Structures are given as structure tokens and as C-alpha cells.
Amino acid sequence: MKRFIVFMAAAALLVVSTGMAMAAFPTRPINLMVYTQPGGAIDVFARKFEAIAKKYTDATFVVVNKPGAGGIIAIKDIMASKADGYKILAVTKSNISKMVESGSDIKISDYSWIAMMVSDPEAIIVNRESKITTWQEILADAKAKGGNQLWVGPAKGGNDHIMAMKTWRIAGIQGKWIPYESGGKAMAALMGGHGAVYVGNPQDVVGRPNLKCAAISATERLSGEFADVPTFRELGISGLDEEIIWRGFMAKKGIPAEARAFYTELFRKVNDDPDWRKYILSGAANPVFYEEVRFTKIVENDAKEFKEALVGLGIIK
Amino acid sequence: MDLLDSMLVGFGSLVGWKPLIIIIVGVIIGILAGAMPGLSPSTAVALLVPFSYTMTPELALILLTTIYLATNYGGSITAVLINTPGTPAAAVTALDGYPLTLQGKAGKGLGTALIASTIGGSIGVIVLVLFAVPLAHIAIKFGPADYFALALFGLATVASMGRGNIIKALVAILIGLMINMIGIDPISGISRFSFGNDRLYDGFSLIPALIGLFAVSVVFAKAEEWTGFNRTLEKVGSKLPTLKEILEIRGAILRSSIIGTIIGIFPGAGSTIASFISYDVSKRSSKHPELFGEGSLEGVAAAEASNSSSVGGALVPLLALGIPGSATDAVLLGAFMLHDLVPGPLLFKTRPELVYGIFAALIVANIFILLLGLYGNRLFIRVVAVPDAILYPMILTLAVVGSYSVAGSLFDVASCIGFGIMGWLLKRYGYPVAPVVLGIVLGKMIETNFRRAVMMHGYSVFLKEKLALAVLIIAVISFLYPLMKQWKEDRAKRAAHSWKT
Amino acid sequence: MSLMERLSQGWGLLLVIAAGLAALTLSGFLIRRSSVRKYFGEIMVPLSVMAVCILFVFITFSFPEEEAGPAVIPQLIAFFTVTFCMVLLYRVAQGLAKPDPPAGRTGFMLAVVGITAGYCFLIDIAGYFLSTFLFLLVLMYVLGYRRRAVILSVALGWVLFSYAIFYRFLHIQLPLGFWENFY
């Protein structure tokens, strides 16, 4: 019975996909891997992409959740499958820090970093109802507390912690990083007044009226509700103009040329789609489309930075 | 008056056949998933998120929150009937529910669980509707020292579980805590005791451990004393609890509902701790504490009322602040985002019909849980009339599906069997397994909050924070008291022994 | 690098594990031959738990040192565990412990464990549905059930039920094994 159903389904899919596909790729459904459970931020990203991609291609994307070890399980799963282009992974910057941190044999160069689609600026966030609500007040309080100003955020050695350390170094202050299991819990701590500063992204402030961005890492101010948030450069801090969290897609190295052409074409179209741009902008991030060469350079640079920072913290040797 | 208007709008949004069908489907999925060992509320909701994407935001969120509520009841069914908690919180239900089944009173156990669940669930939702915003603001004021104290107090409930040897119960809890240390350390970011294995990077998942320790171990233990198959139980009573019996335990139900709601509100505490603490408190304030662990209706009611009421509590920080308070909340947050919604105070203003629609749906869902539960119990109860040679293989395959569904990994299946062997060994030599689960649940909460408190304010923080200090003292006394009792008993026994010889 | 650090990782750690296993095996062997034979489990369980705790403590020596660092709580847990295990052993020595329950059909039980483990491996190859069907047939037979029609219909019914409820209704992506190639 089971066999029959599987067989019929396979036959039906084959007929449908070969009948409708224009190019040689794809001829069957593509697995779009996600490294979290359904409902995680990157899962939402992948499903939005899947819904919008439907407008531009007849290819079917099947979102597959493969959670575990901050993405390592999914990244290794990509490595273990064929480089035929039928399996791509939605990646984000924190995966790179996990790759470096796990010290496993994963190499950046074993993967094809197809496209970066989102650039999400880092932000310094404060509690509107506390005494510290602007960058100047953060500086003054940090100097007064002499290294005991509490900064809350997700895990030690992650994006946000490294951003915080960079900020301290450049601004000439010292803070204490208090890690939480997740960004959400750290935000609760900021709201409860247990920490002074939270490091995250502008999106974290959306819908939470008692939080406020004190500074943003971008070359220009954001629009909309963030129009009055100063950039670091305006605050007289240089070298923090491009601290971002990115999201994009990767596959195993050596996927066929037609697959690569298919994805490049599709990602470009999705990036231009008004609904896609609306979704990304509603999260106060920037829709972008960086092709493989540029994306790979960013990833390599991130890996280098993570490595230095994690060695400095004593997390890896 | 405002609230009344809003609730009317909420109920108004349920008019029509679609929302009602969705609630019924949600309740059925929730009860089945909850009864299924391994599908914890967060996994069950996560599995349905992709499916809900195609629905309107209102229907999608009604479906998911209804599932969340119903799984907490569903967990009790398998806990009572076959000693296999369907959800982590139902581990407490099994302590008294399964003895009831063994005594041929399965109907009483299931009925009590159902009624306590729906009363608890309703109280949780009512508190959510009335006090969401002020309560959320109070909850976030509690700092790491308070959380540490609460978690340690949760551990201290072991005293009411260790029938027999308290020292063995303590060792069991410490084993659980140690297992929880395996994997990445959330504070320093380094990997601990994982022996370089990627699969151990996140540590052992709770669900495979829970199923292994409770369900698989029982099958292995039965295999050891196998003498050929039998009917699983000679006597299966399907009689429901009488109104008088329910009225007698109304105190336990109400008290546990309130404890469950309050603990549910604390981001990160969760329904499992709520159940353990309610069970402990109910035992201490019961007229018949000696019945706890032997099939006490009060014990079943305490566990179920509190885990169902914790759902309403856990939704408080999510809806009022946009902060996920439980693992399931985190999944729900993603579901909101998938529909371009941001939960939080603004949502009450921009989409009141949606927020109050969810509230109204949860109230209606409680009624359906009661109706469907009453009907379902008559079917479920037949499970224990099946010969054990058929039931036990089924339990094992259920354990496999359950552990696999956590993360789609066969590693979890293998560790479930490993925990089964461990549970069999522990039980064989008189160590209770529920404390191991408690240790695994509470380990990270104890550790991270302790270390965060010290990092923030130094070791003296536990003396300065009055509330934390008070709770810590109560917790330490709850640990010491049974130890002292045991020590006295031992001394008396030894004296008698030497006197004889 | 101090001696403790050397023993906390790499070859040093393997040495510690080997020493621990040897000590456990030896004590197990000695207990079997001694007069406290009937307390075998009562002694071996605390001993094994202690051994694992001591191993974990060795590993913590390789953790970075910091204020309230990653080693603190595991060491505390290990301390309490070892203490309470010692109390358990002391109670055996004082004659306060209950002797072990009599051994049951250990061989039969191990067979059940083995079949379950085999089932787990088979899922990876043959997928959930076929493996489960076979597993149910075999285990019901081994447990002594002989009514073939009932065995067959239960196994088949369960597979269909799990396909409908778990795979379709609850959307659990059960492993398909080699069946995946048909998809």
C-alpha cells in the first residue's frame, strides 16, 4: 500500500515537473534546508522565499527542517549529499561562528555560497524606561561604572557579543557581557532592568514600544520608525559602519552550471519582487543580492574575525 | 467594560463554521499529539506551523494556540494508561495516574485528569485575559537570583517523590543534572562532555530521555520477568470520578491552577516545573498525603490542573511583551512573523479582533477538550485491555516515532533506547526515574541563572535579594528534612540491630 | 601544562577512562566472588555513577577558568553525587540496604533490547514503515503471541495508522530509508 502510494506520488511528480520545466534544471523538487525548527527566524525567511519564488518559477521548493548544533548538523547534511543542486541551505552569519567554534573539519571552501539576500544592521538597544536611553548616556554610565555596565545578549562568542566587544574597543569603554540562552530572554532582561544595553537588530524594537535603538551600524539612517536613530558615524565612532547580520543561501561546492544559473536568475528576480522587499524592510533589514564572489569574500572575512575573537575569548584554541 | 467589548469582538470573530472547525481540529490534533509520547507541545505546534502558513492569520493562530492547550491535556492519557507521559509535564501525572490504572480505576484517573485540565486551562486563560499586561511587567522584574531560587525549589520537590529511599532519589536527581551538563555551555559558549561528537553539541534532548526512562524501561523490565503473555490488566474500570470525588479535590485543583498560571508566566520556567511544584504543594497540604504515589486523585488533579493552566500563563509574556516565555511560545512567535504580525502590546491596538479572537478560541477550546475528552476516554481506555504481547511492541514503536520527531534524527532514537536500559537498571535497584527527568529539566535553569547572578552582582547576591533568599531557605529545608528523617530511622534500625545481636 | 590538564584531554583522558573501566570491572569481579554478592547492584550502581562523576571532574580541568565559569556547577554536582553515593555504600556496609532483587530472565530481556536496537538500525536502511512492520511481527512472536491473523493485522494496521496519523495528519517526516529514491 505504502509502496504504491509512494510510487504513484513519484510518478505524478515526475510527469508534472518534467512537463512544466523550461530549462534542464530543475527536473524534480528542490530541498530547501533550514537549520532550525519550524517557527525559527530563518525558517520564516525560507518559507517567505518559497512562497515568493512560486511567482517566478515552476520549480517546487520543499522546506526541510534539520535542526541541531546551531546549524552544524544541516551543514554536514549538505556535505553528505550529492552536488547536484537539489539541496540548498538557508544560512545566516551565526552559522559561520558555529562552524568556527565547533572546530570540526568543515571548510568554507567546500561550499558554494550562492547568494546573500539580506543585510541586517547591528543595533545598540536600550530600555526607554531606564535611566540610560541614548548613546551619550551609555558612554557616561560605562565610564562611571568602570567595566561593570551590564550588556545582555545571546551566547558568548556569537555575532552580538563580538559586536559588543568591538564597540567597547572603538568607543574606549568597558562593559560586562551577560549571555542569555536566546535573544528573546536577553530582551526580557533588558525590559526588566537587569541589564543596561542589549545588542541586536532594529527588528527587535519593532512591536516592543519600551525598547529603543540608541545607535545603529549603517552608513545612512534607516527610514520609517528608525529615522531618528543615529548611526555610529554621526556619533563620532568610526569603524562600525558595516556590522551586519546576513542571511543567504548556500549549496555544496561543484553544483552544475545550469543549477547555478537557475538560482542566480531566481534570486535576482525575488530580490526585485515588491512583496519580498516589503517583508525584509518590515523587519528593518535591507534586501540585497550579492552574487557568489562577493558573498564568499564576506563569509571568509567573517570566519577570520570569528576565529580571532573566539581564540581571544579562550573558547577555541 | 472595555474588556467586555473586546471579548465580545473576540467571540464575534469565532462566528461561522470555519473557526469552530479549526478549533475542533486543533483540539483533536492536540490531544493525539499530546498522548503521543515524544510530541511535546512545542514539537506538535512546530510540526503544524508550515501547514498553517496557507491559512489566514486568525485561523492559523487559533489552530496553533488550541493545539498548544490541548497537548497539555493529551499528555495525561498515556501517562495514566501505560505509564508513558506524552509530554514532559505529564511525568507527574503518571506518578498517581498509573497506580490508579493498576488498581482497575483507569476511568477515575482519566476523568480526573480531564476535569482538572479543563478547569486549570480555563483559569489560565481567564488570568491571561484579565491581567496579561500588569502580570507580564511584574514577571520580568524577577532577576537571575530569583530564577535560581525557584529552580532549586523545583528540585526540592524530589522529597515528595522518593517513596522509599530519599538518598537514592537525590542521586537520581543528580544524575539528571549531570546529564543536562552535557553539550554546549550557554554562558561561556564552550562545548562540555561532548567528546567531540556533533550530535552531543546540544546535549541529550529531553524527550528521548523522558520516553526511554518512563516507557521503554517498563517494557524491558517486563521482559525480564516474562512468563508468557497475558491480558495487560485483569480489571479495567471505566467508571468516571463522581461529582463528590471531584468536589473533594476542588482545593487541589484551584490551588494548582493558580500555581500553574503564575509559574507559566515566568519566561523560561514552564509547565513541567509547574506540575512538580503543584504536586509537592498539594501533597503537603493534603488530608491524605500517604495516598500520593499510590493512586491519589488529588495528585493527578494537581499535576494536570497546573500544566494546563500554565499555557495561559506562558502566553502572557508573548502577547503582552512580545517575549517568548516557553519553547512553544518561541515557535508561536515565528508563526506570528510568518503572517507578518509582531506579538506585543501594539498588537492589542492594531489587531484587537485577532488577540481577543485567540482568547475566545482558547475558552471555547477548553469546552471542546472536555467534550471530546469524555468521548475519547471510552476509546483510549480499551488500550489496556489489549494483551501485553501486542501492547509492548507498540509502546516501543511509539517511542521510536516520538524520539525521531524531535529533530528528525536517529541519534535521538538510539539515545532513547539507551535511556530505556538506564531506566531499567535504576528502577531495578530502587532508584526512582521521575527525579532524573526533573534534573534534566531544571539543570540548565539552575546553572545559567546561578552563574548569571554571580556575574552580575557577585556571590553576595543570594543574601541581598530578599525573595530569592527566602525561597532558597525553604528549598534547603525541604532537602534537609527528609534526610534527617532517614538518618534517624537508620540510627533506630541500627540500634535495634545491635540490640538483637 | 599541569598533570591535571594533561589528564583532562586527548590521550590523558583515554588513560583515565581506561583506568576507571578497569577499576569498575575489577570491583565487579571481586564483589561477585565475595560474601556481599547479594548486594552486587547496590554497590555497583553507586560505584559506576561515582566513576562517571570523577571522569567528568577530570574533564572540567580543561575548561577555561573564569568567574563562575563552566566548571563550577558540574564540579558541585559531582561533589554532591559522590557524597550521596558514599552514603549509599556506607549503608550497605552497615547492613541497612536491601539485597538485590533476584535476577530474572536476563537473556530474554537482552534479546528484546537487541531486537529493538536492530529495529533502530533497520529504520535507517529500510525506512520507518517496512521496519516497523517487521519489528512488530518479530517482537509479538518472540513475546509468545501465536495467532498469525491477529499479528499480521495488528502490524499492518499499525503501519497504516501511523502513515495516516503521524505522516499525513501530524506531518512528522518519518525516515523513508531507501524508499526515498522512489520519491
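It should be emphasised that the depicted structure is a prediction, and the values quoted were computed from it without experimental measurement. Lettering of chains follows the sequences in order, A, B, ..., and the numbering in each one begins at 1.
- Not counting sequence neighbours, the partners of E66(C) by the salt bridge (Lys or Arg N to Asp or Glu O under 4.0 Å) test are K156(A).
- Nearest heavy-atom pair across I207(B) and G402(B) is CG2-O, 4.4 Å.
- Below 4.5 Å, heavy atoms of chain B meet heavy atoms from D100(C), P101(C), P102(C), A103(C), G104(C), R105(C), T106(C), F108(C), M109(C), V112(C), V113(C), T116(C), A117(C), all part of residues 97-117 of chain C.
- Of the residues considered (D490(B), V171(B), I446(B)), D490(B) shows the highest number of contacts with chain C, using heavy-atom pairs under 4.5 Å.
- Heavy-atom pairs under 4.5 Å with chain C peak, among L483(B), I29(B), D185(B), at I29(B).
- For CZ of R33(C), the number of neighbouring non-hydrogen atoms (other residues, nucleotides, ligands) closer than 6.0 Å is 12 at most.
- If you measure heavy-atom distances from Y119(C) to chain B, the contacts under 4.5 Å come from the side chain alone.
- Every side-chain contact (heavy atoms from CB on, under 4.5 Å) that R147(C) has, sequence neighbours left out, goes to Y145(C), V150(C).
- Under the 4.5 Å side-chain criterion, counting only non-hydrogen atoms from C-beta, T81(C) is not in contact with M50(C).
- Not counting sequence neighbours, the partners of F193(B) by the ring pair (Phe, Tyr, Trp, His ring centres under 6.0 Å) test are F56(C), F63(C).
- Side chains of V216(B) and C416(B) form a contact here, defined as non-hydrogen atoms less than 4.5 Å apart.
- No hydrogens or angles considered: nothing links the side chains of N197(B) and S194(B) as a donor-acceptor pair under 3.5 Å.
- For F80(C), the parts lying under 4.5 angstrom from a heavy atom of chain B are both the backbone and the side chain.
- When each of T397(B), I417(B), L47(B) is checked for heavy-atom pairs under 4.5 Å with chain C, T397(B) comes out on top.
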